[in-house]
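Here the structure comes first, spelled out in structure tokens, and everything after it is commentary.
Sequence lines set the chain letters: A, B, ... in the order given, protein chains first and strands last, and positions in each chain run from 1.
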Amino acid sequence: MNITLTLPDGSQKQFEAGVTGRQVAESIGAGLARAALGIKVDGELRDLDRPIAADAQVAIVTAGRDAPDADALYLLRHSCAHVMAEAIQRLYPGTKLAYGPPVENGFYYDIDCPSAITEEDFPRIEAEMERIIGEDRPFTRYEMSRAEAERKLAGDEYKLDNVARADGDVMSFYATGEPGRDWEDLCRGPHVPSTGRIGAFKLLSVAGAYWRGDASRQQLQRVYGTAFPDKKQLKAHLAALEEARKRDHRVLGRQLGLFHIDEAVGQGLVLWKPKGAVVRQELQNFISEELRRQGYHQVFTPHIGKLGLYRTSGHFPYYRESQYPPIIEHDELARLADEGATCAELSNRMAAGTVDGYLLKPMNCPHHIRIFASEHRSYRDLPIRLAEFGTVYRWEQSGEIGGMTRVRGFTQDDAHIFCTEDQVTAELLGCLSLVRTVFQTLGMHDYRVRVGLRDPDSGKYVGAPENWDKAEAACRAAARSLGVAFSEEPGEAAFYGPKIDFVVKDVIGREWQLGTVQVDYNLPERFALEYIGADNSAHRPVMIHRAPFGSMERFVGVLIEHFAGAFPPWLAPVQAAVLAITDAQLDYAREVLEQLKEAGLRAEIDTSSEKIGKKIRAAELAKIPFMFVLGAKEAESRSVALRRHGKGDEGVLGLAEAVALLKAKVTERALA
RNA sequence: GCUGAUGUAGCUCAGCUGGUAGAGCAGCGCACUCGUAAUGCGCAGGUCGUCGGUUCGAGUCCGACCAUCAGCUCCA
């Protein structure tokens, strides 16, 4: 029987049923056959040597000429994980294998190894892997029934678990070489044809990982590595990683004097230094302008509130372990001490509500809700939009804290909108347009949108299902209106409502949630909020929580990396450096500095007795966007030689003209 | 919180098998006054993360704790 295969260029070829990808490649050309790593059959990536049974769209997968091909990398890395597992099992007898997939930038294998693997062991393991690759053994697939596989894997808890969780009745194994003689692993595949096709690889790190991602289960060792078709691409990848580390906000934050985290103050508590404070203040000014435009009212609320408030909101009972412990008043403490109450009793009584205290606020909403509730509200007043740069405190797990992106105290650019049900969609759209304005102004285009929905199988959510349905529908509709691709993710909702999140990546590829917009039918219920409708009866408002920046800490951290520390003029802590070529121009330089300050710009003068090259180097390293270089000629003609960060000498222009140019860039919030 | 690694001057790092610390940059001083990414000379700067232990003697060995980094888990 013949089948018809359609190639990527649209051409069709006839083959006998059962033809393999390798044979298809050979029929096209010997070069392609040599380069082939796998085949895509109707979009499904497969081994080169698996028979093709029916008509299909096919594409031979090769390493790719310029940019590495994503499918090729998948095959390569998956195969390399097998090679690594074999090497580790050979070197560390008794090692059991759990799970070893390819991931975005490489692969890992979770292993249960009797000895602790450290990076010092990598050279040995890599040498063993080189040997396996040098032997160029074929990856050989064979299959058996589920029952047979279970028998074969008897005693191997991890692999049996993999079988139990696999779909279908046919289990596949891949031998690296000959089945029964060489090393093998239960595996869905696919793989490259043979170990020799793994061009270049490197082991990168080792860390703990819980089995099946469950913290209550035992911890395995996860060994990370990466693989590429050739050494050049591997080298380029490693160089890119190295480069990325240089724009890490923790490194730049110190180098540029933006912020400091001090052991003596506490883990995850950010100290904003003067230069970092400028960036934050400029951002806050920017967002405040947008808020005024959109009819928000700014409010201020204190950092603490009574425990009862958070019992009502639900934060205290449900999220106690992620809050700083409550603050108890002196008298109350003294009374408890007299009674000889233990810590456990104190804790129980606080939970029961018989002992009161104050909580460092974990969220701003309860305070804003009390502002809303402080007056009678008419439907004519709605929507009411209360905004605050509100600082909140959360007890994050110590292992999760780092830099500015995950901290224990942070300031949200928070706001709560109280509106009628009919207004929800329009308000959501308003929020999203604000987020879009923010991202556009900052040139941040590399973000993804996530619509977080409730997990149907979880009981952690509060509120009526029909309200959830309405809120989720509103979020979906709003996200659709953005005109950007978004993903719907069950289980990502807040406990009180669904949300639309904006997610960006940091320099090492970790994702961070920034802006968020959340619909909430729950808190108005808990706080029994009302407004008087046109029908002269009380109605319940709907709340929208929104923070387009997320938190100032995380946002500025991500922004430092986004700009690699070289902020556009309007955000730059120092916008212009005044650099005299010799001390003879210092008087003129001081005059230029004055003019800059007069124009409302942030400028610094370098009065050191260094050569101009050194002064320029210092200003470049400080990533100051504008440098005014002043020599005898400029002093004479009252002009400046303009140099811009990263761009070099831009020629001479009049002093007033140069100041006006910079001023214009700042006013426009220009990116360059 | 878990696993592993790391912690020496403001920063980046050296310090072999235990014998009371060293460099470069930054800082300060002096000289130089120079045209677009590092002028020269000199000076100063360290309870070697903290506490405890082993030892005649600990930056170096052991333990606990603290912090940082990577990953896992978590993230209202």
Side-chain angles (χ1 to χ4, degrees), chain A residues 103 108 110 116-121 204-224 245 248 250-251 254-255 257 260-264 266-268 310 313-323 362-363 365-366 392 394-403 405-408 460-462 492-497 499 508 510 512-513 516 518 520 522-523 545 554 579-586 608-622 627-634 641-652:
Chain A
V103 289
Y108 66 78
D110 284 347
I117 306 248
T118 71
E119 291 187 20
E120 283 164 30
D121 299 312
L204 296 174
S205 62
V206 55
Y210 298 104
W211 185 31
R212 286 173 59 169
D214 183 343
S216 67
R217 291 185 193 249
Q218 79 185 96
Q219 201 158 21
L220 305 169
Q221 296 187 69
R222 176 172 294 181
V223 186
Y224 281 90
R245 257 170 234 137
D248 188 317
R250 292 164 295 193
V251 174
R254 185 171 49 238
Q255 279 171 2
H260 173 64
I261 294 169
D262 195 298
E263 276 192 36
Q267 223 191 343
Y310 301 101
S313 71
H315 292 112
F316 183 67
Y318 296 145
Y319 291 95
R320 271 175 79 181
E321 69 293 342
S322 48
Q323 290 158 184
M363 290 193 103
C365 22
V392 298
R394 299 180 187 178
W395 186 261
E396 304 286 357
Q397 295 187 91
S398 63
E400 204 34 78
I401 292 174
T405 42
R406 192 77 184 264
V407 293
R408 284 186 172 157
K460 79 166 186 175
Y461 306 101
V462 293
E492 289 294 322
F495 78 100
Y496 50 74
K499 54 182 189 166
I508 49 179
R510 291 182 292 205
W512 297 102
Q513 180 196 309
T516 183
Q518 313 178 351
D520 181 2
N522 171 55
L523 284 178
H545 307 241
R554 180 174 292 178
L579 312 174
I581 287 177
T582 76
D583 288 356
Q585 289 86 47
L586 272 184
S608 65
S609 66
E610 292 291 347
K611 299 204 283 193
I612 192 64
K614 180 72 171 287
K615 292 183 185 181
I616 283 169
R617 178 178 155 80
E620 287 285 351
L621 289 175
M627 284 158 263
F628 287 4
V629 179
L630 312 173
K633 283 180 284 185
E634 288 75 22
L642 176 64
R643 181 188 168 99
R644 294 228 266 150
H645 172 76
K647 294 184 176 146
D649 194 346
E650 302 221 319
V652 177

Checklist entry - For atom P, what is the distance between B/C51 and B/U12, given to the nearest Å? => result 23 Å
Item to check | side chain to side chain contact (heavy atoms under 4.5 Å, CB included) partners of A/E396, counting only residues at least two apart | outcome: A/R394, A/I401, A/R406, A/R408
Checklist entry - When rounded to the nearest Å, what value does the distance between C1' atoms of B/C61 and B/G18 take? => result 8 Å
Next on the checklist: Would you say A/K614 places a side-chain N or O within less than 4.0 Å of OP1 or OP2 belonging to B/A26?
Outcome noted: yes
Checklist outcome for this item: A/R217 CZ to B/G1 C1', in whole Å, measures 18 Å
Checklist entry - Distance between the C1' atoms of B/G35 and B/A23, in whole angstroms? => result 33 Å
Taking N or O atoms only and anything under 3.5 Å, show me the protein contacts with nucleotides 34-36 of chain B, one pair per line.
from	atom 1	to	atom 2	distance (Å)
B/C34	N4	A/S609	O	3.4
B/G35	O6	A/A632	N	3.1
B/G35	O6	A/K633	N	3.2
B/G35	N1	A/E634	OE1	2.8
B/G35	N1	A/E634	OE2	3.4
B/G35	N2	A/E634	OE1	3.3
B/G35	N2	A/E634	OE2	2.8
B/U36	O2'	A/R643	NH1	3.0
B/U36	O2	A/R643	NH1	3.2

Next on the checklist: If the condition is side-chain hydrogen bond (donor to acceptor under 3.5 Å, both in side chains), which residues does A/E263 pass it with, not counting sequence neighbours?
Outcome noted: none
Next on the checklist: From the set B/C74, B/A76, B/A37, return the single nucleotide nearest to any side-chain atom of A/Q397.
Outcome noted: B/C74
Next on the checklist: Going by salt bridge (Lys or Arg N to Asp or Glu O under 4.0 Å), name the residues that satisfy it together with A/R320, two or more places apart in sequence or in a different chain.
Outcome noted: none
Checklist entry - What nucleic acid atoms does A/L621 come within less than 4.0 Å of, heavy atoms only: base, sugar-phosphate, or nothing? => result base
Next on the checklist: Between B/G7 and B/U50, how far apart are the two C1' atoms, rounded to whole Å?
Outcome noted: 11 Å
Item to check | A/Q221 (side chain) donor-acceptor with A/I117 (main chain) under 3.5 angstrom | outcome: yes
Checklist entry - Rounded to the nearest 0.5 Å, how far apart are CG of A/L621 and CD1 of A/I616? => result 12.0 Å
Item to check | With sequence neighbours excluded, residues passing side chain to side chain contact (heavy atoms under 4.5 Å, CB included) with A/A619 | outcome: A/A577, A/L579, A/I624, A/M627
Checklist outcome for this item: Rounded to whole Å, OH of A/Y108 lies from C1' of B/G4 at a distance of 17 Å
Checklist entry - Between B/C75 atom C1' and A/H545 atom NE2, what is the distance in whole Å? => result 17 Å
Checklist entry - Atom OH of A/Y496 and atom C1' of B/A76: how far apart are they, to the nearest Å? => result 6 Å
Checklist entry - How do A/E620 and A/A215 order along RNA chain B: which one's closest nucleotide is nearer the 5' end? => result A/E620
Item to check | B/C28 to B/C13 separation - P atoms, rounded to the nearest Å | outcome: 24 Å
Checklist entry - Roughly, in whole Å, what's the span from CD in A/Q323 to P in B/G1? => result 17 Å
Next on the checklist: Using atom C1' in both nucleotides, what's the gap between B/U6 and B/C48 to the nearest angstrom?
Outcome noted: 14 Å
Checklist entry - Mind checking what makes salt bridge (Lys or Arg N to Asp or Glu O under 4.0 Å) contact with A/D214, not counting sequence neighbours? => result A/R217
Next on the checklist: Holding to side-chain hydrogen bond (donor to acceptor under 3.5 Å, both in side chains), I want the full list of residues that pass it with A/R212, two or more places apart in sequence or in another chain.
Outcome noted: A/D161
Checklist outcome for this item: Quick note, side chain to side chain donor-acceptor pair (under 3.5 Å) partners involving residues 611-621 of chain A, not counting sequence neighbours, are A/E620-A/R643, A/E620-A/H645
Next on the checklist: To the closest 0.5 Å, what do you measure between CE (A/M363) and NE2 (A/H315)?
Outcome noted: 4.5 Å
Next on the checklist: In this structure, which stretches of RNA chain B are paired as stems of three or more consecutive Watson-Crick or G-U pairs, both distances less than 3.5 Å?
Outcome noted: B:1-7 with B:66-72, B:10-13 with B:22-25, B:27-31 with B:39-43, B:49-53 with B:61-65
Checklist entry - For A/R644, what residues pass the salt bridge (Lys or Arg N to Asp or Glu O under 4.0 Å) criterion, not counting sequence neighbours? => result A/E650
Checklist entry - Which nucleotides of nucleotides 63-71 of chain B have their base under 4.0 Å from a protein heavy atom (B), which only their sugar-phosphate (S), and which neither (-), written as one string 5' to 3'? => result ---SSSSSB
Item to check | Interatomic distance where CG belongs to A/L579 and P belongs to B/U33 [whole Å] | outcome: 20 Å
Next on the checklist: Heavy atoms only, 4.0 Å cut-off, all strands: where does A/S216 land among base, sugar-phosphate and nothing?
Outcome noted: nothing
Next on the checklist: Tell me whether the side-chain N or O atoms of A/T118 pair up with the base of B/A5 as donor and acceptor below 3.5 Å, since no angle test is needed here.
Outcome noted: no
Checklist outcome for this item: In this structure, CZ of A/F628 is separated from CG of A/L642 (nearest 0.5 Å) by 6.0 Å
Checklist entry - Rounding to a whole Å, what distance do you find between A/Q255:CD and B/A37:C1'? => result 15 Å
Checklist entry - For A/H545, which residues count as a side-chain hydrogen bond (donor to acceptor under 3.5 Å, both in side chains) partner, sequence neighbours excluded? => result A/H416, A/D520
Next on the checklist: Rounding to an integer number of Å, can you tell me how far A/D110 CG sits from B/C72 C1'?
Outcome noted: 9 Å
Next on the checklist: Any donor-acceptor pair, under 3.5 Å, between the side chain of A/R406 and the base of B/C75, if you only look at N and O atoms?
Outcome noted: yes
Checklist entry - Quantified in whole Å, what is the C1' atom distance between nucleotide B/G22 and nucleotide B/U8? => result 10 Å
Item to check | Gap in Å between the two C1' atoms, one belonging to B/C11 and one to B/A26, rounded | outcome: 7 Å
